[in-house]
Undergrad: 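There's a structure below that I have some questions on.
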Amino acid sequence: MHIGILGTGAMAQALGEQWERAGHTVVAGSRMRGDVRAAAQHGTDAVLLAVPHTAAVDLVTGLGDALRGRVLIDCTNAVGPGFALRTAGGPAMAERIAAAAPTTRVVKAFNLCHESVWRLTPPVFAGRPLAVPLCGDDEEALTVVRRLVRDLGCVPLHAGGLDRAGLLEATAALLIRLWVGEGADAQAIAPPLEHSGVQGLSFGSGRVPA
């Protein structure tokens with residue numbers, strides 16, 4: 001596949017290098033280098049948006065037709081001082097990006113892990129491959145991103161439409177708070193599947209259908 005990456009930072013490098021190893025052709029660009037439009041034009045199969053969240057909306061707005069029809073993967077996290085989610089109350093960052101680039105097909109993905117995780121080949125922990133949740137409304141776009149997830153040695157999970165991207169963004173803020181702020185093993189907050197209550201047991205004040 002032909003993949004464009006908007007951004008040249010650590011996330012862009014980590015994911016781009018892995019996709020190149022998988023046989024894809026990758027072109028990355030940034031505003032500072034002046035080749036961000038070339039990267040967008042190269043990404044006929046997918047474009048990864050890997051810039052600070054403060055620059056994301058302006059960047060995709062300025063690229064206009066270069067992103068028309070593209071699968072646009074948003075891995076940004078709008079987390080500010082005190083580990084606060086800057087998009088709390090909505091809309092989610094992914095929804096803002098989709099509104100700024102309405103001719104693209106936005107998929108939220110790759111936002112829950114530090115760039116060092118994406119450099120692992122593959123990211124497998126205690127014998128279990130890393131799972132990557134995706135949010136998006138376009139099935140063809142989701143299919144493309146699922147392949148890119150599998151090319152990293154990970155397992156794609158469908159987390160709902162783009163209207164649920166805010167949940168992924170809030171999850172990132174919570175995990176970063178626990179990992180960085182508390183030095184906690186955030187993975188320990190979730191029980192194994194067999195103890196998750198998926199057969200209709202109550203979740204707090206709510207209830208999951210059987």
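Here, residue 1 is the first one in the sequence, and each next residue gets the next number. Just the heavy atoms: all of them, side chains too, but no hydrogens, waters or symmetry mates, feed the values below.
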Undergrad: Just so I know, are the side chains of K108 and E169 near enough to count as touching, which here means a heavy-atom distance under 4.5 Å?
TA: yes
Undergrad: Would you indicate whether the side-chain heavy atoms of T171 and N111 approach each other to under 4.5 Å?
TA: no
Undergrad: CG/D74 to CD/E95 distance, rounded to the nearest 0.5 angstrom?
TA: 10.5 Å
Undergrad: So with a 6.0 Å cut-off around CD of E140, is the heavy-atom count from everything else above 12?
TA: no
Undergrad: For the OG1 atom of T25 and the NE2 atom of H2, what is their distance to the nearest 0.5 Å?
TA: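 The NE2 atom of H2 is 3.5 Å from OG1 of T25, to the nearest 0.5 Å.
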Undergrad: Decide whether F83 and L85 are clustered together by the hydrophobic rule: side chain heavy atoms of Ile, Leu, Val, Met, Phe, Trp, Tyr closer than 4.5 Å, transitively.
TA: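 The answer is no; the residues belong to distinct hydrophobic clusters.
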Undergrad: Using side chain to side chain contact (heavy atoms under 4.5 Å, CB included), reason through F110 and V117 one step at a time and then give a plain yes or no.
TA: CA-CA 10 Å; F110 305 111; V117 173; over 6 Å; no
Undergrad: Could you tell me the separation between the CD atom of E115 and the CZ atom of R119, rounded to the nearest 0.5 Å?
TA: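 E115 atom CD to R119 atom CZ measures 4.5 Å (nearest 0.5 Å).
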Undergrad: Of all the heavy-atom pairs spanning P191 and S196, show the shortest one and how long it is.
TA: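 The pair with the smallest heavy-atom distance is CG-CA, 4.3 Å.
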Undergrad: Taking ILVMFWY side chains as joined if any heavy atoms are under 4.5 angstrom apart, and letting links pass through other members, which residues group with I189?
TA: L174, L178
Undergrad: Write down the atom of L112, the atom of P133, and the distance for their closest heavy-atom approach.
TA: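 Looks like CD1-CG, 3.6 Å.
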Undergrad: Do I176 and L130 land in one hydrophobic cluster if side-chain heavy atoms of ILVMFWY residues count as linked below 4.5 Å?
TA: no
Undergrad: Test side chain to side chain contact (heavy atoms under 4.5 Å, CB included) on D151 and Q18 and set out the steps.
TA: CA-CA 8 Å; D151 285 342; Q18 293 288 33; over 6 Å; no
Undergrad: Quick one, H53 and N77 - any side-chain contact, counting heavy atoms below 4.5 Å?
TA: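 With C-beta onward as the side chain, the pair stays apart.
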Undergrad: Output the distance between atom CG (D35) and atom CD (Q41), rounded to the nearest 0.5 Å.
TA: 11.0 Å
Undergrad: Atom CD of residue position E20 - does it have more than 12 heavy atoms of other residues, nucleotides or ligands inside 6.0 Å?
TA: yes
Undergrad: Quick check on the hydrophobic clustering: are L167 and I73 connected, directly or via other members, by side-chain heavy-atom contacts under 4.5 Å?
TA: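 Shared cluster, no.
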Undergrad: If you take all heavy atoms of A46 and V144, which pair is closest and at what distance?
TA: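 Heavy atoms of A46 and V144 come nearest at CB-CG1, 4.1 Å.
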Undergrad: Taking all heavy atoms of A28 and all of R33, pick out the closest pair and write down the distance.
TA: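 What the structure gives for the nearest pair is O-NH2, 2.7 Å.
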Undergrad: Examine distances only and state if a side-chain atom of E182 and a backbone atom of R177 form a donor-acceptor pair shorter than 3.5 Å.
TA: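 No, E182 side chain to R177 backbone: no donor-acceptor pair under 3.5 Å.
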Undergrad: How close do C135 and G161 get, heavy atom to heavy atom, and via which atoms?
TA: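 Looking at all heavy atoms of both residues, the closest pair is CB-O, 3.5 Å.
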Undergrad: Quick one: CG on D137 to CZ on R105, what's the gap to the nearest 0.5 Å?
TA: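 Output value for this atom pair is 12.0 Å.
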Undergrad: Please go through L162's hydrophobic cluster and name the other residues, only I, L, V, M, F, W, Y counting, with side-chain heavy atoms under 4.5 Å joining them.
TA: L6, V36, V47, L49, V51, V57, L59, V60, L63, L67, L72, M93, I97, V106
Undergrad: Flag yes if V132 and W19 sit in one hydrophobic cluster, no otherwise; membership is Ile, Leu, Val, Met, Phe, Trp, Tyr, and two members link when side-chain heavy atoms are under 4.5 Å apart.
TA: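 Yes: a chain of side-chain contacts under 4.5 Å links V132 to W19.
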Undergrad: Can you list the residues that meet the side-chain hydrogen bond (donor to acceptor under 3.5 Å, both in side chains) rule with R86, with sequence neighbours excluded?
TA: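 So R86 forms no side-chain hydrogen bond (donor to acceptor under 3.5 Å, both in side chains) with any residue.
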Undergrad: If you take all heavy atoms of M11 and C75, which pair is closest and at what distance?
TA: CE-SG, 3.9 Å
Undergrad: In terms of hydrophobic clustering (I, L, V, M, F, W, Y; side-chain heavy atoms under 4.5 Å; direct or indirect links), are L175 and L134 co-clustered?
TA: no
Undergrad: To the closest 0.5 Å, what do you measure between CG (L152) and CZ (R147)?
TA: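 Between L152 CG and R147 CZ, I get 12.0 Å after rounding to 0.5 Å.
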Undergrad: Side chains of L148 and H24: does their closest heavy-atom pair fall under 4.5 Å?
TA: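 The answer is yes; the side chains approach within 4.5 Å.
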